[in-house]
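Have a look at the structure below, then the notes.
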Amino acid sequence: MPIADSDGTSIYYERHGSGPAILFVHGSGGHHAAWWQQVAALRDEFTVVTIDLRGFGKSDSSMTEFDGQDFPGDVVAVLDQEDLTDAMLVGQSIGSVAALRAGLLRPERVSSVVLGHSLGGISHPELKELAAADRAEAVKLPVIDRLLTKEFQAGRADLTFLFQQMGTFNVARMQDLRNLDTDGPSLEDIQASGVKVAFLAGEKDAVLSVKTVTRAHELLPGSHLEIVEGAPHSMYWETPGPYNAAIARLRRTLTAPKDSA
């Protein structure tokens, strides 16, 4: 069982396939297995790495409480142990915050970060205001309606049930991840790092609007924006075909090889 040591905490991860590296960081209800549709689709062309942040899946969950500020270090521990370079980190929702911070901590290993349905915790007053307004609307909906479309829930009751079960394997909770937003990086921090950033948004995302993501893209020079038609917040689960195609396209075009770490 592959384990990385993150300052004394055991972090579970898996490595599949070969080729340019893509490392996926799950959101608040996920863990490494949530990426099953991505591993199967991408491992023939890419090295696909999935991890469990502390408190999630098979990683150490024995601590009495969790600090979201530790999560980027968990990603870095896997990057270092696998000696990955020119990696593209892909975050899902709040997991994007951990991904972006890990990329800024190890720019010699990370060429790019894809912020899936997230602003990555970027510290900017206008973006925080826009995201808060989106969140105020989202909390009016049942949790499952924020993440998957009603059409998918009605048509794929089996996958909707499995999606909801994924979170039952975790000890950490949503509020443990929200702490990640504290003291986020500035737009200038990101530009100075040399790490390329792509915003990946779903047209039907009920948590973060396309308008807000587009504004973040406008404010971050050199960033890339992908908007997937008809996709919800949990695009990777509901519409894996367009999601995987977007990830593969970004991996092929967004990053440039760097010197070895």
Side-chain angles (χ1 to χ4, degrees), residues 13 20-28 30 34-35 38 42 46-51 53 68-80 82 84-124 127 131 177 180-181 183-202 205 208 212-228 233 235-236 243-244 246-258 261:
Y13 69 95
I22 304 172
L23 189 154
F24 288 97
V25 183
H26 60 78
S28 61
W35 301 108
Q38 284 64 56
L42 299 172
F46 306 105
T47 297
V48 180
V49 180
T50 58
I51 78 168
L53 299 172
Q69 298 288 318
D70 293 327
F71 292 131
D74 297 345
V75 179
V76 167
V78 174
L79 288 168
D80 288 346
E82 287 296 307
L84 295 175
T85 57
D86 185 32
M88 184 172 84
L89 307 185
V90 180
Q92 168 60 24
S93 192
I94 199 81
S96 295
V97 184
L100 179 57
R101 291 194 175 205
L104 298 182
L105 287 169
R106 286 289 189 277
E108 70 275 21
R109 294 195 180 280
V110 177
S111 297
S112 60
V113 178
V114 178
L115 305 178
H117 317 279
S118 170
L119 302 183
I122 296 172
S123 180
H124 188 281
L127 295 180
L177 286 166
L180 269 168
D181 272 339
D183 299 326
S186 67
L187 296 169
E188 292 75 20
D189 292 335
I190 297 169
Q191 283 188 276
S193 74
V195 173
K196 296 182 180 179
V197 169
F199 296 95
L200 179 58
D205 190 337
L208 190 66
T212 296
V213 179
T214 300
R215 182 59 182 148
H217 164 59
E218 292 170 349
L219 288 169
L220 183 58
S223 65
H224 186 85
L225 175 63
E226 287 261 351
I227 301 172
V228 177
H233 188 73
M235 181 199 315
Y236 72 100
Y243 178 87
N244 295 341
I247 294 298
R249 184 166 55 251
L250 288 169
R251 175 64 265 201
R252 295 185 193 113
T253 60
L254 189 64
T255 62
K258 289 187 176 184

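Owing to the predicted nature of the structure, the values given are computational and were not obtained by experimental measurement.
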**Report entry** Any donor-acceptor pair under 3.5 Å from Ser96 side chain to Gly91 backbone
**Finding:** yes
Query raised in the report: Which atom names give the shortest non-hydrogen contact between Leu84 and Ala87, and what distance separates them?
Result: CB-CB, 4.5 Å
Requested in this report: Indicate yes or no: at least one non-hydrogen side-chain atom of Tyr13 is less than 4.5 angstrom from one of Glu82.
Outcome: yes
Query raised in the report: How long is the span from the CZ atom in Arg215 to the NE2 atom in His124, to the nearest 0.5 Å?
Result: 7.0 Å
Query raised in the report: With Phe199, which residues qualify under ring pair (Phe, Tyr, Trp, His ring centres under 6.0 Å), at least two apart?
Result: none
Requested in this report: Of all the heavy-atom pairs spanning Ala102 and Pro72, show the shortest one and how long it is.
Outcome: CB-O, 3.8 Å
Report task. Verify, without hydrogens or angle tests, whether Ser118 (side chain) and Gly120 (backbone) share a donor-acceptor contact under 3.5 angstrom. Result -> yes
Report summary line: Paired with Ile190, the side-chain contact (heavy atoms from CB on, under 4.5 Å) test is passed by just one of Val113, Ile122, Val195, namely Ile122
Query raised in the report: Do the non-hydrogen side-chain atoms of Glu218 and Leu225 ever get within less than 4.5 Å of each other?
Result: no
**Report entry** Test item: Gln92 side-chain N/O and His233 main-chain N/O as donor-acceptor pair under 3.5 Å
**Finding:** yes
Query raised in the report: What are the two closest non-hydrogen atoms of Ala198 and Leu254, and how far apart are they?
Result: CB-CD2, 3.7 Å
Query raised in the report: Under a 4.5 Å cut-off applied to non-hydrogen side-chain atoms, are His224 and Leu250 in contact?
Result: yes
Query raised in the report: Ser223 and His217: side-chain donor and acceptor closer than 3.5 Å?
Result: yes
Requested in this report: Kindly give the heavy-atom pair with the smallest separation between Thr212 and Leu119, and that separation in Å.
Outcome: CG2-CD1, 3.8 Å
Query raised in the report: Looking at residues at least two apart in the chain, or sitting in another chain, which of them share a salt bridge (charged side-chain N to carboxylate O under 4.0 Å, His left out) with Glu188?
Result: none
**Report entry** Any side-chain heavy-atom pair of Leu200 and Tyr243 under 4.5 Å
**Finding:** yes
Query raised in the report: Hey, does Gln191 have a side-chain heavy atom less than 4.5 Å from the side chain of Pro221?
Result: yes
Requested in this report: Before giving the answer on side chain to side chain contact (heavy atoms under 4.5 Å, CB included), spell out for Ile247 and Met88 the whole-Å C-alpha distance, their side-chain angles and the decisive distance to 0.1 Å.
Outcome: CA-CA 10 Å; Ile247 294 298; Met88 184 172 84; 3.9 Å; yes
Query - Sequence-distant partners of Thr214, side chain to side chain donor-acceptor pair (under 3.5 Å), two or more places apart - result: none
Query raised in the report: Is the shortest heavy-atom distance from the side chain of Arg251 to the side chain of Val114 under 4.5 Å?
Result: no
Query raised in the report: Could you give the distance from CG (Leu79) to CZ (Arg109), rounded to the nearest 0.5 Å?
Result: 7.0 Å
Query raised in the report: Can you tell me how far the CG atom of Leu115 sits from the CG atom of Leu89, to the nearest 0.5 Å?
Result: 10.0 Å
Report summary line: Closest non-hydrogen atoms of Ala201 and Met235, given as atom of the first, atom of the second and distance, are O-CE, 3.6 Å
Query raised in the report: Is it true that a side-chain atom of His26 and a backbone atom of Leu53 form a donor plus acceptor pair closer than 3.5 Å?
Result: yes
Requested in this report: Check whether any side-chain heavy atom of Ile22 lies under 4.5 Å from a side-chain heavy atom of Trp35, and answer yes or no.
Outcome: no
Query raised in the report: Are the side chains of Val213 and Asp205 in touch, meaning some heavy atoms are under 4.5 Å apart?
Result: no
Query raised in the report: So, Gln38 side chain and Tyr236 main chain: donor-acceptor pair closer than 3.5 Å or not?
Result: yes
Query raised in the report: Can you name the closest pair of heavy atoms from Gly121 and Val97 and give their distance?
Result: N-CG2, 3.7 Å
